[in-house]
Amino acid sequence: MNRNVAAEDLAIGAPYLRCIGCDSDVTAPTEDFACPACGDRLEVAYRGGGTADPGRLKSLWRERKLSAEPMDLSGVWRFREALPILPAGRDAVTLREGNTPIYRLSRCAKAAGVDALFAKHQGMNPTGSFKDTGMTTALSMARVKGFRWVGCASTGNTSASMAAYAAYAGMSALVLIPEGKIAWGKLSQSLDYAASTCQLKTDFDGCVRVLGEVIRRFPLYLLNSVNPYRLEGQKTTAYEMMEQLAWEPPDHVIVPGGNLGNSSALGKGFREMLAMGLISRLPKLSIIQAAGANPLVRSMREFAGERIEPVRAETRATAIRIGNPASWKKAVAVLRETGGACEDVSEEEIGVAKAEIGADGVGCEPASAVTLAGLKKLVRSGFVKPDESVVLVLTGHCLKDPEYTMDFHREGAAADATLRKPPVLLDADPGAVIDLLQRMET
Ligand code: F0G
């Protein structure tokens with residue numbers, strides 16, 4: 001047996017694409033992964049799976065940690081019985097994604113008013129964001145389908161990830177990003193990984209529109225999160241989180257919401273694990289947006305999640321500066337199914353939360369910090385109880401956007417004075433340094 005394929009008797013089933021709107025099987029999706037019949041989004045579904053045997057699955061996945069096979073060293077493909085999407089004999093493009101740590105956040109727990117708080121740090125992936133967990137699956141499918149070019153519109157992390165995986169696979173990558181609204185760390189990655197990078201004079205939503213037209217005229221495989229194979233990889237973060245927590249779900253999982261692919265993917269992972277008997281209940285999955293880019297929050301408040309109105313998005317958490325999220329229907333389903341909350345937080349709250357996560361020695365990029373800012377609100381409203389267990393999903397590494405961090409510490413608002421640690425300029429004199437230490441001790 002090819003050691004890289006899923007154990008057949010344990011696999012979740014044979015994959016096919018299903019429309020989330022009209023429920024039909026879709027064999028020929030449009031270039032942008034819409035249902036040709038009704039235009040709605042697609043998801044990977046499975047039929048005819050083996051008898052779920054949670055005990056055997058858990059030990060098989062644990063055993064693979066001792067293997068030296070690239071597919072087993074990946075924290076995504078290690079769970080391949082839950083994503084048997086590759087045809088037999090085909091290998092994945094993997095940079096050993098996943099395998100990310102769960103940290104305890106002591107200082108942040110106090111700030112939020114909960115007894116214990118944990119962070120699943122997806123910024124510890126190969127290119128510094130959670131996107132790698134979905135890029136390994138979707139880019140592998142691009143190669144299976146024989147594409148030479150892949151492309152995405154991005155606020156910076158998808159493009160960094162796609163550029164790396166495409167380069168590693170020897171494929172060509174087209175990146176469309178909004179001019180001026182992207183963190184330097186992310187833009188530099190796209191260049192370093194040799195992608196063809198275009199800065200368009202528009203925002204993220206405008207980049208999506210342009211790319212939609214490009215793929216109709218040029219054979220390029222779309223790697224935005226409307227690509228359902230992206231979400232299949234990203235869902236394994238939920239599996240890995242449960243394995244790390246001895247398959248005991250926390251009461252709450254909190255994620256940032258931008259284009260709403262990640263919340264949808266994690267929700268799918270938890271739903272499947274429940275169906276397979278790997279876990280016995282669902283955590284409440286809550287989604288937090290920036291107040292200046294909060295179309296889902298508005299949709300839930302004003303239309304009970306039945307429809308969404310795009311907004312003109314503005315936030316310094318540029319990763320989630322998105323006004324017209326592609327996967328909003330899937331995210332609404334996750335909120336309803338898990339009983340999660342949907343909140344938004346101000347720019348000031350994001351800045352403080354990011355500094356607090358940094359001061360715990362963990363650090364993250366601004367978009368990830370909305371989770372802690374949101375948790376504080378949810379504790380205040382009573383939705384999260386102090387003795388409940390909470391896992392924040394930190395989506396990006398703190399080095400992604402150092403400019404944001406520098407600005408906060410150099411010129412942050414007065415309200416943040418206790419958190420601000422600007423660099424101190426001194427003469428090259430031990431006395432001056434000791435002086436400073438003594439002043440800080442008093
Ligand atoms: N956090 C970070 C660091 C992100 O980069 C993104 C999305 C999100 C959260 C939101 O996740 O879109 O699945 O709801 N970044 C995309 C990009 C849009 O192009 O890099 P989502």
Side-chain angles (χ1 to χ4, degrees), residues 41 100 119-125 127-135 138 151-164 175-178 181-183 185-187 189-190 195 197 203-208 211 222-228 230-231 233-235 237 254-268 285-290 293-297 313 315-332 334-335 342 350 354 357 363-372 374 392-401 404:
R41 300 275 171 239
T100 58
K120 172 85 173 141
H121 206 326
Q122 293 297 93
M124 299 300 177
N125 268 291
T127 75
S129 86
F130 72 98
K131 305 289 181 180
D132 297 339
T133 58
M135 205 49 72
C152 70
S154 180
T155 56
N157 279 326
T158 301
S159 45
S161 180
M162 181 189 76
V175 165
L176 301 188
I177 46 172
K181 298 292 182 185
I182 169 167
K186 303 175 189 182
L187 176 56
Q189 282 181 291
S190 176
T197 306
D203 55 10
F204 170 80
D205 302 296
C207 290
V208 170
L211 189 60
L222 181 67
L223 285 176
N224 276 84
S225 59
V226 291
N227 182 323
R230 280 268 314 275
L231 304 197
Q234 287 175 211
K235 81 180 182 188
T237 298
I254 303 183
V255 292
N259 216 15
L260 300 175
N262 203 31
S263 37
S264 303
L266 295 175
K268 186 173 195 279
L285 199 144
S286 294
I287 303 173
I288 313 296
Q289 298 196 297
N294 65 351
L296 183 69
V297 176
T315 169
R316 279 207 70 193
T318 49
I320 50 173
R321 191 171 175 273
I322 294 172
N324 191 14
S327 295
W328 69 273
K329 277 192 193 167
K330 291 184 182 180
V332 168
V334 171
L335 289 173
C342 186
I350 297 171
K354 182 176 135 45
I357 294 167
C364 64
E365 68 163 282
S368 310
V370 301
T371 54
L372 176 62
L392 307 180
V393 178
L394 301 182
T395 44
H397 197 278
C398 79
L399 289 176
K400 286 281 190 175
D401 194 351
Y404 182 101

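When a ligand or atom number is given, it counts from 1 through the structure's own listing order.
Two residues are said to be in side-chain contact when any heavy atoms from C-beta on lie closer than 4.5 Å; Phe130 and Val393 fail this criterion. Side-chain contact between Ser190 and Ile177 is absent, with no heavy atoms from C-beta onward closer than 4.5 Å. Within the 4.5 Å cutoff, no side-chain heavy atoms of Thr395 are placed close to those of Cys364. Inter-residue side-chain proximity for Ser263 and Val334 is flagged as unmet; no heavy-atom pair is nearer than 4.5 Å. Side-chain contact between Met135 and Thr158 is present, with at least one heavy-atom pair separated by less than 4.5 Å. For the pair Thr100 and Lys120, the minimum side-chain heavy-atom distance is below 4.5 Å. Between Thr371 and Ile254, some side-chain heavy-atom pair lies under the 4.5 Å cut-off. At a threshold of 4.5 Å between non-hydrogen side-chain atoms, the residues Asn262 and Gln122 do not count as touching.
Close contacts between ligand 1 and Glu365 involve ligand atoms 3 (C) [criterion: under 4.0 Å to a heavy atom]. Those atoms of ligand 1 with a heavy atom of Ile320 less than 4.0 angstrom away are 8 (C), 9 (C), 10 (C). Under a 4.0 Å criterion applied to the non-hydrogen atoms of Ile322, ligand 1 contributes the atoms 18 (C). Heavy-atom proximity to Gly257, at under 4.0 Å, picks out these atoms of ligand 1: 14 (O). Near Gly258, the atoms of ligand 1 lying under 4.0 angstrom from a non-hydrogen atom of the residue are 10 (C), 12 (O), 14 (O), 21 (P). Of all the atoms in ligand 1, the ones that sit under 4.0 Å from a non-hydrogen atom of Ser154 are 17 (C), 19 (O), 20 (O). Remark: ligand 1 atoms within the under-4.0 Å shell around heavy atoms of Gly261 are 13 (O), 14 (O), 21 (P).
Distance from atom 6 (C) of ligand 1 to its nearest protein heavy atom, with residue and atom name: Phe130 CE2, 3.7 Å. Nearest protein heavy-atom contact of atom 20 (O) of ligand 1 is Thr158 N, 2.8 Å. The protein atom (non-hydrogen) at minimum distance from atom 16 (C) of ligand 1 is Lys131 NZ, 2.9 Å. Ranking the protein heavy atoms by distance from atom 12 (O) of ligand 1 puts Asn259 N, 2.7 Å first. Regarding atom 5 (O) of ligand 1, its nearest protein heavy-atom neighbour is Asn157 ND2, 2.8 Å. The protein atom (non-hydrogen) at minimum distance from atom 2 (C) of ligand 1 is Thr395 OG1, 3.4 Å. If you check which protein heavy atom lies closest to atom 13 (O) of ligand 1, you get Asn262 N, 2.8 Å.
No side-chain donor from either of Thr155 and Lys181 sits under 3.5 Å from a side-chain acceptor of the other. Side-chain contact, Ser264 with Ser327: no donor N or O sits under 3.5 Å from an acceptor N or O. The closest side-chain donor-acceptor pair between Thr127 and Gln189, if any, does not fall under 3.5 angstrom. With no hydrogens or angles considered, a side-chain donor-acceptor pair links Asn157 and Glu365 at under 3.5 Å.
At distances below 3.5 Å, not a single donor-acceptor pair connects side-chain atoms of Asp132 with backbone N or O atoms of Ser161.
Neither the backbone nor the side chain of Val255 has a heavy atom within less than 4.0 Å of ligand 1. If you look at Ala367 next to ligand 1, the close heavy atoms, those under 4.0 Å, all belong to the side chain. The residue Lys186 has no part lying near ligand 1, judged by heavy-atom distances below 4.0 Å. The residue Lys400 has no part lying near ligand 1, judged by heavy-atom distances below 4.0 Å.
For a threshold of 3.5 Å applied to N or O pairs, the pair formed by Ser159 and ligand 1 contains no separation below that value.
In this structure, Ser263 does not count as a contact residue of ligand 1, since none of its heavy atoms falls inside 4.0 Å of the ligand. Contact analysis leaves Asn224 out of contact with ligand 1, as no non-hydrogen atom separation drops below 4.0 angstrom.
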